[in-house]
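These values consider heavy atoms only, across backbone and side chains, with no hydrogens, waters or symmetry-generated copies. Keep in mind the model is a prediction, meaning the values are calculated, not measured. Letters go in sequence order (proteins before strands), and every chain restarts at 1.
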Amino acid sequence: MKIFDTLSVAEKELDTSDRVRIYLCGVTVYDDSHIGHARTIIVFDTLRRFLEFQGIKVKFIQNFTDVDDKIINRAVLENVSADAISSRYIANYFVEFDHLNVKRAGMYPKATEHVDDMIGLIKTLIEKKFAYVSSNGVYFSVSKFPEYGKLSKKKTDELVSGARVEVDETKKDPLDFALWKFANEEPKWQSPWGSGRPGWHIECSAMSLKYLGADFEIHGGGRDLIFPHHENEIAQSVSYSDKNFAKIWMHVGMVTINGEKMSKSLGNTKSVDFVLKKWGANIIRLFCLSGHYSKPIDYAEDMLKETITKWRQVENCYYELILSGNEQANPEDMKEIERIANETKKEFFDALNSDFNTSLATGAFFRLVKATNQLAASERLVSSITGIVLPILEQMLDILGLKISRVAEEEKKKINDLIDKRNMFRNQKKFQDADAIRKEISDMGIVLIDHKKKVLWMKQEKIGVEG
RNA sequence: GGUGAGGUGGCAGAGCGGCUAUGCGUUCGCCUGCAAAGCGAAUCUAUAGGGGUUCGAAUCCCUUCCUCACCUCCA
């Protein structure tokens, strides 16, 4: 498959011959995760599912940044330890992202548990004269790394004149960034240069090199991490190992809110907890995959509502399939649906193989749904057609990480009994009684589908915004 | 100011030299005891403006205008 690489500004073939090693920059655990985090993580989760579906081995690592000034500030504010803050938000993370149906990464390394690795890295960087000790900490000397700026396409002289760089007289060059910051308050660690805390960028270098080695396949994150985070990671890692760091840099576009950047200061962030309660996992996932991953996506209520409509069609399709009868299929229908199923499946995979175009892929998915619903609408959906469509539909659902609401066996029995009862009333033209039963069924989250010859039902996911 | 990505029908969103996806929306139908869900038909022939290149451009080149992001922490 091809993936657009930010560094070479071109699509590159992903090497899947052995295994695919992916390092995704995770969250800093100082506050609730929001829809922006969710998008990036859902994109990578879906990528991982897609690769694994094809039998490709994926080693997927996603870190937690659990040492950071923002965590410490929050801890001070709440008068608890930094560890209490990070533990809380890590716990929340797993609850929320499990709900989003995000598969657990192979590993979630924490910065605090890899300080020794970082110190080792810094040591080598000092030995190789890429880093130096100042009175405030250890700094990476950007001028020693001529390729600095190659990822973010920035020129070092322009960066200096930009004058937005950190002011610190103890640095040799304003562009130099901290590998280690001296500190006397907790949390702090001992180092050969004095007690303190690691810089942000060094943690990802240390953990990715430790678990994935140099020259791994994909390094990912949000677009906003390109500079300075990923630029600095490259500088450190390449200087340290003399090897290429990552083969492909894959960056996910930002989520905006009604066209505006989402930010704490604007007060327009949407937490994962909030959007889960409002829309549910399926809608959020479909929304996050609705456009190309590299482009920005706008969180607008109308768009999300549209997604509900589409999801209802998928639910309908699924239940029509599994509840289809054993009548004889029309051979022409069989031929036609087989054609469409194979065609949409091919489109689905081709789209994902082409720079992970989920927009096109979901389009193919919905076309298969539509074709199935067409057959169902004209009473021509029978079990032999299910045999063709359902396996493909389930593959797509699985790759997209979507989950149809199911019902327990005893509930099915109850539903069927109620349907029989309603049919009896309907035959007797006791429509009020029939409608009362329909209401009872609907209260169970079940919607009846009245076909000419039979009555089917579907379980509808309860979506918060619909009350 | 620098860098990058873009500007496509009412909206979302593909296509990236010829065959003008797809979805949502809207309207009217079908189905139904009535609904719901679903389906059908109609609607919409779009490619920021101006120049080029070409037999032919949304797609390539130049130019103008506009939008967004990053350039400080950020997924």
Side-chain angles (χ1 to χ4, degrees), chain A residues 6 9 24-28 30-31 33-44 62 65 68-70 149 152-155 157-159 161-167 200 220-229 231 251-256 259-265 269 287 290-292 294-298 300 302-303 305-310 312-313 315-317 319-320 347 351 354 357-367 369-370 372-379 381 425-427 429-432 434-435 438-439 441-442 447-452 456-458 460:
Chain A
T6 309
V9 204
L24 176 63
C25 284
V27 294
T28 302
Y30 75 103
D31 203 350
S33 303
H34 55 64
I35 180 77
H37 300 118
R39 155 122 107 150
T40 301
I41 289 163
I42 286 168
V43 165
F44 275 86
Q62 182 186 325
T65 298
D68 182 272
D69 285 350
K70 286 196 284 292
S152 55
K153 321 296 173 207
K154 293 185 189 311
K155 297 191 172 65
D157 49 334
E158 282 165 1
L159 275 171
S161 58
R164 283 225 233 165
V165 286
E166 197 182 334
V167 181
W200 173 36
R223 290 211 83 83
D224 52 351
L225 294 186
I226 293 174
F227 190 89
H229 187 52
E231 193 69 64
H251 289 106
V252 179
M254 299 290 100
V255 178
T256 57
E260 276 185 315
K261 181 185 159 76
M262 193 168 56
S263 76
K264 290 252 150 74
S265 54
T269 58
F287 168 70
S290 66
H292 189 95
S294 66
K295 291 187 178 175
I297 190 174
D298 190 49
D302 287 351
M303 288 295 106
K305 279 183 190 150
E306 276 185 18
T307 311
I308 297 177
T309 308
K310 295 182 188 176
R312 295 304 185 210
Q313 293 169 354
E315 288 176 326
N316 183 272
C317 173
Y319 279 96
E320 291 276 9
E347 272 183 55
S354 168
N357 193 329
T358 51
S359 177
L360 235 42
T362 51
F365 167 70
F366 285 118
R367 227 166 318 124
V369 167
K370 184 117 187 163
T372 308
N373 286 341
Q374 280 170 345
L375 284 178
S378 56
E379 320 264 340
L381 180 53
F425 284 130
R426 288 170 80 205
N427 288 334
K429 301 213 185 305
K430 292 182 181 167
F431 295 121
Q432 278 197 347
D435 288 352
R438 184 162 67 195
K439 174 78 170 58
I441 294 174
S442 134
V447 172
L448 295 180
I449 308 164
D450 285 347
H451 282 303
K452 258 186 188 147
L456 298 186
W457 53 270
M458 62 191 258
Q460 273 198 346

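- For B/G2, its base never sits under 3.5 Å from the side chain of A/Asp157 at any donor and acceptor pair.
- The distance from atom NZ of A/Lys154 to atom C1' of B/C71 is 4 Å, rounded to the nearest whole Å.
- Taking OG1 of A/Thr6 as the start and CZ of A/Arg223 as the end, the distance is 5.5 Å to the nearest 0.5 Å.
- Nearest-nucleotide assignment on RNA chain B puts the 5′-proximal partner with A/Asp302, out of A/Asp302 and A/Lys429.
- B/C31 atom P lies 19 Å from atom CG of A/Leu456, rounded to whole Å.
- Atom pair A/Met262:CE and B/A75:P shows a separation of 10 Å (rounding to whole Å applied).
- Between the P atoms of B/C16 and B/A21, the separation comes to 14 Å (whole Å).
- For A/Ser33, there are no side-chain hydrogen bond (donor to acceptor under 3.5 Å, both in side chains) partners, not counting sequence neighbours.
- Comparing the same atom, P, in B/U32 and in B/G15 gives a spacing of 43 Å after rounding to whole Å.
- Between B/G13 and B/A58, the two C1' atoms lie 14 Å apart (nearest whole Å).
- For the P atom pair drawn from B/G18 and B/U67, the interatomic distance equals 32 Å after rounding to whole Å.
- A/Gly253 comes within 4.0 angstrom of a base, heavy atoms only.
- Here the closest heavy-atom approach between residue A/Phe227 and residue A/Ser152 is recorded as CD1-OG, 3.3 Å.
- Applying the ring-ring contact (aromatic ring centres under 6.0 Å, His included) rule to A/His37 yields the partners A/His34; only residues at least two apart in sequence or on another chain are considered.
- Atom CZ in A/Phe287 sits about 18 Å away from atom P in B/A75, given to the nearest Å.
- Between B/U45 and B/G50, the distance separating the two C1' atoms is 24 Å to the nearest Å.
- With a 3.5 Å ceiling on both atom-pair distances, the Watson-Crick or G-U wobble partner of B/G25 is B/U43.
- If you take CG of A/Asp224 and C1' of B/C68, they are 14 Å apart, rounded to a whole angstrom.
- Residues passing the ring-ring contact (aromatic ring centres under 6.0 Å, His included) test with A/Tyr319, sequence neighbours excluded: A/Trp457.
- Rounded to whole Å, atom P of B/C30 lies 12 Å from atom NZ of A/Lys452.
- Minimum heavy-atom separation, A/Thr307 to A/Phe287: CG2-N, 4.3 Å.
- A salt bridge links A/Glu347 with A/Arg367: the closest approach of a Lys/Arg side-chain nitrogen to an acidic carboxylate oxygen falls below 4.0 angstrom.
- B/A75 and B/A42: their P atoms are spaced 49 Å apart (whole Å).
- A straight line from CG of A/Asn427 to P of B/C34 spans 15 Å, rounded to a whole angstrom.
- Within the nucleic acid shown, A/Gly221 comes within 4.0 Å of sugar-phosphate atoms alone, with no base atom in reach, counting heavy atoms only.
- Both distances falling under 3.5 Å, in either a Watson-Crick or a G-U wobble arrangement, place B/G38 opposite B/C30.
- For A/Lys439, the side-chain hydrogen bond (donor to acceptor under 3.5 Å, both in side chains) partners two or more places apart in sequence, or in a different chain, are A/Asp443.
- For the C1' atoms, the distance from B/U26 to B/C44 is 10 Å, rounded to whole Å.
- No donor-acceptor contact under 3.5 Å links the side chain of A/Arg426 to the base of B/C34.
- Every residue two or more places apart in sequence or in another chain was checked for a ring-ring contact (aromatic ring centres under 6.0 Å, His included) with A/His451, and none qualifies.
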- Note on the structure: Protein heavy-atom contacts under 4.0 Å, written 5' to 3' over nucleotides 36-47 of chain B as B (base), S (sugar-phosphate only) or - (none), form the string BSSSS-------
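- Rounded to whole Å, the C1' atom of B/C66 lies 15 Å from the corresponding atom of B/U8.
- By the side-chain hydrogen bond (donor to acceptor under 3.5 Å, both in side chains) test, A/Thr269 is found to be paired with no residue, residues two or more places apart in sequence or in another chain being considered.
- If you check every strand for non-hydrogen atoms under 4.0 Å, A/Phe431 touches a base.
- In a base pair of the Watson-Crick type (N1 to N3 plus N6-O4 or O6-N4) or a G-U wobble (N1-O2 and O6-N3), with each distance short of 3.5 Å, B/C65 is matched with B/G7.
- Applying the salt bridge (charged side-chain N to carboxylate O under 4.0 Å, His left out) test to A/Asp224 and every residue at least two apart in sequence or in another chain returns nothing.
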- Protein-to-nucleotide contact annotation, 5' to 3' order, nucleotides 4-13 of chain B [B base; S sugar-phosphate only; - none; under 4.0 Å, heavy atom]: -------SSS
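- The partner of B/G1, taking Watson-Crick or G-U wobble pairs whose two distances both stay under 3.5 Å, is B/C71.
- Taking atom CD of A/Gln432 as the reference point, atom P of B/A35 lies 16 Å away to the nearest angstrom.
- No engagement by A/Arg39 is indicated, since no non-hydrogen atom pair under 4.0 Å with the nucleic acid exists.
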